[in-house]
Amino acid sequence: MADIAVKFVIQRLNDFLAQEAELLLGVDGKIRSLRDKLLWMDALLKDVHGNRRDNDRVKVWVAQIREAAYDAEDVIDSYIFNIQNQGRDTSAGFMGCIRSFAYWIKDLLLIHKIGKEIGDIERRLNEISSNRSDYGISNIPGCGEASSSSNQSQTWREKGIPIAEEADVVGVEDETKTLVGQLIEGDARRAVISITGMGGIGKTTLAKKVYDNIDVKKKFDFHAWVSVSQEHRLREIFLSILKSLGRDERETMPEEDLRKQLFELLEGKKYLVVIDDIWTREAWNGLVSAFPDRQKGSRVLLTTRKEEIAKYADAQSTPHKMQFLNESESWALFRKKALPGNLALPCPANLEELGGKIVAKCGGLPLAIAVIGGVLSRKEKSVNEWYKVLTSLEWHLHESEDAISGILALSYHDLPYYLKFCFLYFGAFPEDSEIEVDDLIKLWIAEGFVQQRGEEELEDVAEDYVEELINRSMIQVAERNSNGTAMTCRIHDLLRDLSIANAKEERFMDVYGKAATTSPTTARRLAITASGGLQKILQAYFAQKKNHLRSLLNLLDYNDEREEIETPVLKSLFGAFKFLRVMDLRYVKLTSLPDEIGSLIHLRYLCLMGNGELRRLPSTITRLSNLQTLNIFGTNIKMLPVDIWKMEQLRHLVVKYECQFSNGTAVHRLSNLQTLKNIWAGSWTEDELEKLINLRELLICGHLNMASSRPISKLVHLRSLCLEGVSGSFIPAFESFSNHRHLYYMRLRGRLEKLPDLHEFPPNLTKLHLYGSKLEQDPMGTLEKLPNLRILRYGGDAYVTKEMVFSAGGFPLLNDLIIWECNELEEWTVEKGAMPYLTSLRIMSCKRLKMLPDGMRHLTNLQELKLSGMTEEFEERVRENEGEDWFKIQHIPSLIIH
């Protein structure tokens, strides 16, 4: 991966020359010379690309180049740090002249120092170049050609709403039928049904297909899905199950209380719980006591690589061992991945034989087939390109201990260089976690991984990076936004292992999980995914007295045990790691932030989310002139520093609810802002909001008036808009949003004087939340005509009259509807032909609603109906096989009543 490191440093040097020219006066020539030398080294690296892994001499040579590239980055970062931190004295008079002369001398010394250091690196690169011939490292043709995509220009997808991904399910019809039978038939005891098999064989895919089966949905009262993984935490698992069952328990509840809550909720019910990816007996022992057995026919479905775990969980049930795909099934999956599009068209005859050979190498393993298909999907559909992949695949399989490792290694090496760093970053996140794509993109940009592409915003380019990794089957979409972009994603644990292994080998990142040691290395990044060792790990890194770290990622969540970092340790952190570009200190116990944070001039990303005891930001934080992302959500910081406008590179600012800009803040200077969330309205809203022309996501709360809402209509790049009025206050009528073609999500919380007319809504609105609107006229006549609306959340007395009508042909694309706390609603009419694509419906705490509408029986695509907080009379009407309204909903696969 040294070629990635070299390309990255070359890009950094180009950026320095273009953007920091004033700071580099006197050394720009030397930096250009260093960049040119690295360009030559990059060209030489391509000659040995295919042989670096099986030749010890090549490995050493490549490692030397990587070290030199990293040292070059350190030299430039150190120079910038010293120039920007030594300050200037502009006072007049004799003493001012003396001080200016002293600074001039310091500059000369710095220039001399960096010149010497760059000269040393160039001499090292010359020696490394000589070693290539001295030690017999010559041009080696072969496998490296398969990675030609790394140097090809990419054809980027057109923006739009993609079709949801089809699950990679082939050849499991019989297995699905067998497992469905085991779940819905059999004796009354709580049985544990297990799916076993090696990693990548499709256990989770099969379990999901069974879990979503209509007959299974109808058979059980409660359904829940949870992933366990090797680094499991029982408390987190119990919380996850409770949430999937519709119970939002307090995050601070002890583990034993959560276990008891879950047991009481399930007791007397017929439930299905899927436990995906369980590894140990200890994990099962910790979980099983929460699952009551009251002879109701409940089921637990396990997936595990270890058959012994399956037998231990239930000795009476025979584990279902997954089989490899046969030849025709393998080809079907490969065809879908390698040649996406019209699957009815045959594979080109000249590629069929090569494709068959490639598929045969995968041995019927679905993950391997999907990944190699993803590699080919990005290449030219020619015999030459497919033959190169086959040749490279044979080499990787020869070098690897097992087939899947070789195929995954090929898929990684085939990535374009700009995606390799992005892929390695996934190793930082906990196993089986759902990763927020927005956060991931901010991190990639802060790290410098995302390349400028014409006039496009970096965030748009990064979205394409995510989609390309999805199309290559390197990552999976967990959930999409209503506009079709990926909202959360995950990575298969085998691919995560691959990313961690490569990251460690190449000094890209150290990952410390639950079972990790605290031995420090010289990696450029440090990621911590388990609580309890943060301070110890940091102190171990301090002891090295090296400042190579560029990123510190403490990627815990709110369920993890909080760890306090003492102020002296923080001061040491800021002093020792002065080159940090990314610092994520979420969910630790910070009571204060030292002034020394202002010295981290390279910092681009700072997350302090969830530090509830943190009450203020030091004024020195405004010295972070390169900061792009500042997240203080979940802290107790109520006021931003008055000089925050000096941080003109800020792109994303996320604060706690009711946090305010200080009086006198020149908000309009933050013109690069794309995200501004949870900020309190004020005079700045009327005077300066409209000048934040690049805003894409805005969440503003407080006392809103007409003068403060008008500027919002001028923010034509908005994608997401949330207006949160204080309790009982009005959200003023806004001006037309007909020109806001990118605005897909709106949330209006507060009283509305009137609902906007149809032509005033954004034309591409796909998701709408109305809460506490107190509308006295039925708004559905307008809302049901929104042509692209897919998700509607409607509650908190959004509507205060007795009758609501959904007309025939209304809501043509709606697939998710929630109605809650409409306390005056008594009659609801759904005409035949309304909501033809509705799949999920939730009705909660509508105490006066008498019955479900007759039109429910025409909602033939409805897959899930959840009712909670309704009256006993209402619940009686929907009782299975007995209630008066049962005939209206008996076709719905999943019915949950709380």
Side-chain angles (χ1 to χ4, degrees), residues 4-5 7-16 18-20 73 77 80 154 156 159 415-429 435-470 475 481 485-489 508-509 524-525 527 549-553 555 579-584 586 600-609 624-631 633 647-654 670-677 692 694-697 717 719-720:
I4 318 176
K7 288 179 186 296
F8 181 67
V9 173
I10 291 171
Q11 184 61 47
R12 292 286 316 276
L13 294 178
N14 282 331
D15 290 344
F16 282 134
Q19 300 169 14
E20 308 286 357
E73 184 183 27
D77 281 349
I80 298 294
Q154 297 292 322
W156 297 96
K159 298 288 183 185
L415 288 174
Y417 80 91
Y418 55 82
L419 283 183
K420 286 184 177 176
F421 272 161
C422 295
F423 172 75
L424 293 184
Y425 223 78
F426 282 93
F429 296 91
I435 302 164
E436 296 286 340
V437 171
D438 279 351
D439 288 344
L440 182 67
I441 284 174
K442 293 180 180 73
L443 288 166
W444 284 352
I445 292 173
E447 294 277 11
F449 301 159
V450 182
Q451 299 177 333
Q452 191 68 53
R453 196 171 65 198
E455 298 299 317
E456 286 188 81
E457 293 287 354
L458 291 175
E459 285 77 6
D460 293 336
V461 179
E463 279 184 9
D464 283 338
Y465 286 11
V466 172
E467 290 297 331
E468 186 171 354
L469 288 170
I470 291 167
I475 61 173
N481 288 308
T485 58
M487 182 164 67
T488 60
C489 63
F508 176 82
M509 181 181 290
R524 311 289 275 186
R525 293 162 188 84
L549 273 189
R550 292 309 193 271
S551 304
L552 173 60
L553 299 164
L555 295 177
F579 298 157
L580 279 175
R581 298 169 67 88
V582 168
M583 185 163 62
D584 195 324
R586 66 182 66 198
L600 300 181
I601 62 166
H602 294 287
L603 201 64
R604 270 113 172 121
Y605 180 101
L606 176 60
C607 179
L608 302 169
M609 181 172 65
L624 304 180
S625 58
N626 291 306
L627 198 68
Q628 299 170 351
T629 297
L630 175 60
N631 187 339
F633 183 75
M647 302 163 70
E648 295 185 13
Q649 296 303 313
L650 266 182
R651 302 169 76 91
H652 308 283
L653 178 59
V654 182
L670 300 175
S671 58
N672 287 308
L673 271 185
Q674 294 187 19
T675 304
L676 180 57
K677 293 179 65 174
L692 303 182
N694 290 307
L695 273 181
R696 294 183 170 198
E697 187 173 2
H717 295 294
R719 295 184 177 186
S720 170

Can you tell me how far [atom2] of [Y] sits from [atom1] of [X], rounded to the nearest 0.5 angstrom?
| X | Y | atom1 | atom2 | answer |
| --- | --- | --- | --- | --- |
| I435 | D438 | CD1 | CG | 13.0 Å |
| L653 | F633 | CG | CZ | 13.0 Å |
| I475 | L440 | CD1 | CG | 7.5 Å |
| L443 | D584 | CG | CG | 7.0 Å |
| N626 | M647 | CG | CE | 10.0 Å |
| F449 | Y425 | CZ | OH | 6.0 Å |

Next on the checklist: Using every non-hydrogen atom in the two residues, find where M509 and A428 come nearest and quote the distance to one decimal.
Outcome noted: SD-CB, 3.5 Å
Is there a side-chain contact between [X] and [Y], using heavy atoms and a 4.5 Å cut-off?
| X | Y | value |
| --- | --- | --- |
| Y465 | Q451 | yes |
| V437 | N481 | no |
| C489 | F426 | yes |
| F508 | K420 | no |
| E457 | R651 | yes |
| Q452 | L458 | yes |
| Q649 | L627 | no |

Checklist entry - Under the side chain to side chain contact (heavy atoms under 4.5 Å, CB included) criterion, do R586 and L555 qualify, and how do the steps go? => result CA-CA 7 Å; R586 66 182 66 198; L555 295 177; 4.3 Å; yes
Item to check | Criterion salt bridge (Lys or Arg N to Asp or Glu O under 4.0 Å) on R581 and D77, from CA distance to verdict | outcome: CA-CA 11 Å; R581 298 169 67 88; D77 281 349; 5.4 Å; no
Item to check | Residues F429, D439; criterion side chain to side chain contact (heavy atoms under 4.5 Å, CB included); working and verdict | outcome: CA-CA 12 Å; F429 296 91; D439 288 344; over 6 Å; no
Item to check | Trace of the side chain to side chain contact (heavy atoms under 4.5 Å, CB included) decision for M583 with L603 | outcome: CA-CA 8 Å; M583 185 163 62; L603 201 64; 4.0 Å; yes
Checklist entry - For E447, which of R604, R524, R525, K442 qualifies under side-chain contact (heavy atoms from CB on, under 4.5 Å)? => result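 Exactly one pass, corresponding to R525.
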Checklist entry - With no hydrogens and no angle check, do the side chains of E463 and T485 hold a donor and an acceptor under 3.5 Å apart? => result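 Not at all, the side chains of E463 and T485 share no donor-acceptor pair under 3.5 Å.
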Item to check | Exercise: do T629 and H652 side chains pair donor with acceptor under 3.5 Å | outcome: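 The answer is no; no qualifying pair exists.
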Checklist entry - Is R719 salt-bridged to E459, going by a charged N under 4.0 Å from an acidic O? => result no
Checklist entry - Step by step, would you call L415 with L469 a side chain to side chain contact (heavy atoms under 4.5 Å, CB included)? => result CA-CA 9 Å; L415 288 174; L469 288 170; 4.0 Å; yes
Next on the checklist: Quick check against the 3.5 Å criterion: does N694 have a side-chain atom that pairs as donor or acceptor with the backbone of S671?
Outcome noted: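 Such a contact is found between N694 side chain and S671 backbone.
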